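Counting starts at 1 for both ligands and their atoms, following the listed order. Since we're looking at a predicted model, the values are computed, not measured.
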Amino acid sequence: MFGTKDIGIDLGTANTLVYIKGKGIVVREPSVVALRQDTKDIVAVGNEARNMIGRTPGNIVALRPMKDGVIADFETTSTMMKYYMNQALKTGSFSRKPYVMVCVPSGITSVERRAVIDAARQAGAKDAFPIEEPFAAAIGAGLPVWEPTGSMVVDIGGGTTEVAVISLGGIVTSQSIRVAGDEMDDAIVSYIRKQYNLMIGERTAEAVKMEIGSAVAADTDVTMEIRGRDLLTGLPKTIEITQREIQIALADTVANIIESVKSTLEHTPPELSADIMDRGIVLTGGGALLQGLDQLMTAETSMPVHIAEEPLDCVAIGTGKALDNIDYFKKQK
Ligand SMILES: Nc1ncnc2c1ncn2[C@@H]1O[C@H](COP(=O)(O)OP(=O)(O)OP(=O)(O)O)[C@@H](O)[C@H]1O
């Protein structure tokens, strides 16, 4: 049995969360880094860097190093992780070097995975272990992953949607698609551009999605004002859009996510399908919060669908809880 100060890190494409056993989530920041372009020196990390997206002068760039589920810029990713780990280490006195469990996006290569683990060691871990995202999400959602029963989790993050069926501590069947929250934002940007000749930023699109986005037949009375740049005049302009329009804008992306759930179910052994039928499909990740997505998925799959409690925190909590079974991960290594 290990001490209560081990660390779980959810290195997500959109958000990075750090969980300390016995303390809960101590860091929750966007996975964004601002760099000076010429020297590559880091100017800001997290919220401060996020506020710079789309607003930087020429020599500074604010970027999401893991956007799209792949590590585009590996050194920056490692530096960002070390920065967050150090922040977490500062929040408590550690009697010894902590064990660290890191959840990495499933799109990354084994070389990149290795490098993330090395970066955690360099940042002060006694040892570090990788954990697969849907597995961590399922643990965090409270699913009985170690038991001989089928559980299905759909983790809809920023860059990727992971669909997995888990039983007896292993992933039986899974799918990972690069369609998730970011793609919803892009769909809103392109809808507004086509319909209104208005260019809006990705942060505005995300705000629209969170406020009035919907996966099901939506209300034309629910509206929101948005600001952007008129592509014809080049001047700033404000328009009003309806929830129904955003539902139309998001329809293809939502259909892709539901399609991957259906096809994973088709590849699921019948005994496990029966278990999932009883327990229901569990949605985690920020995308689970899209209004009506659970309803639509229920209608399309004929399965019960539940949104996990605190969907944005499931992966981080799962990495932390996985530390209770650290022997299992040591053996896997
Ligand atoms: N209320 C909401 N409605 C719709 N989408 C939301 C809501 N809240 C957050 N999101 C979206 O959830 C996504 C972030 O989710 P999350 O933090 O789970 O991703 P991540 O773990 O960083 O990414 P990945 O799983 O790809 O590594 C963002 O695209 C964000 O816009």
Does [X], backbone or side chain, put an N or O under 3.5 Å from an N or O of ligand 1?
X      : result
Gly286 : yes
Ile156 : no
Gly285 : no
Asp185 : no
Gly159 : yes

Next item on the list: Using a 4.5 Å cut-off on heavy atoms from C-beta on, say whether the side chain of Val261 contacts that of Val305.
Entry: no

Next item on the list: Taking the side chain as every heavy atom from C-beta outward, state whether Glu259 and Ile177 have any pair of such atoms under 4.5 Å apart.
Entry: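 Glu259 vs Ile177: side chains apart.
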
Does ligand 1 have an atom under 4.0 Å from some heavy atom of [X]?
X      : value
Gly287 : yes
Val315 : no
Met184 : no

Notebook entry, point to check: Got more than 12 heavy atoms from elsewhere within 6.0 Å of CD, Glu309?
Noted result: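 12 or below, so no.
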
So which bit of [X] gets within less than 4.0 Å of ligand 1, heavy atoms only: side chain, backbone, both or neither?
X      : answer
Thr16  : neither
Met66  : neither
Asp155 : side chain

Using a strict 4.0 Å cut-off to heavy atoms of [X], name the atoms of ligand 1 that fall inside it.
X      : result
Glu206 : 28 (C), 30 (C), 31 (O)
Gly181 : 29 (O)
Gly12  : 20 (P), 21 (O), 22 (O), 27 (O)
Asn15  : 14 (C), 16 (P), 17 (O), 22 (O)
Thr13  : 20 (P), 22 (O), 23 (O), 24 (P), 26 (O), 27 (O)
Ala14  : 14 (C), 19 (O), 20 (P), 22 (O), 23 (O)
Leu290 : 3 (N), 4 (C)

Check: Any link between Val216 and Val208 through a network of hydrophobic side chains (Ile, Leu, Val, Met, Phe, Trp, Tyr) touching at under 4.5 Å?
Finding: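 The answer is yes; both residues are in one hydrophobic cluster.
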
Item checked: Short side-chain to backbone donor-acceptor contact, Thr268 and Leu272, under 3.5 Å ->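 Side chain of Thr268 to backbone of Leu272: no pair is present.
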
Check: What are the two closest heavy atoms between Gln175 and Ser260, and how far apart are they?
Finding: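 In this case the closest contact between Gln175 and Ser260 is OE1-CB, 3.3 Å.
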
Note to self: Please state which option from Lys209, Glu133, Arg64, Glu183 has its nearest heavy atom closest to atom 5 (N) of ligand 1.
What the structure shows: Lys209

Next item on the list: Evaluate side-chain contact (heavy atoms from CB on, under 4.5 Å) for Asn325 paired with Trp146, printing each intermediate quantity in order.
Entry: CA-CA 10 Å; Asn325 289 71; Trp146 306 104; 3.7 Å; yes

Can [X] and [Y] be counted as having a side-chain donor-acceptor contact under 3.5 angstrom?
X     : Y      : result
Tyr83 : Glu29  : no
Ser31 : Thr16  : yes
Asn51 : Arg203 : yes

Notebook entry, point to check: With a 4.0 Å cut-off, would you call Glu206 and Arg50 a salt bridge?
Noted result: yes

Checklist line | Residue of the set Lys126, Arg96, Lys97 for which salt bridge (charged side-chain N to carboxylate O under 4.0 Å, His left out) holds with Asp6 | finding: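 That would be Arg96; it is the only one of Lys126, Arg96, Lys97 passing the salt bridge (charged side-chain N to carboxylate O under 4.0 Å, His left out) with Asp6.
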
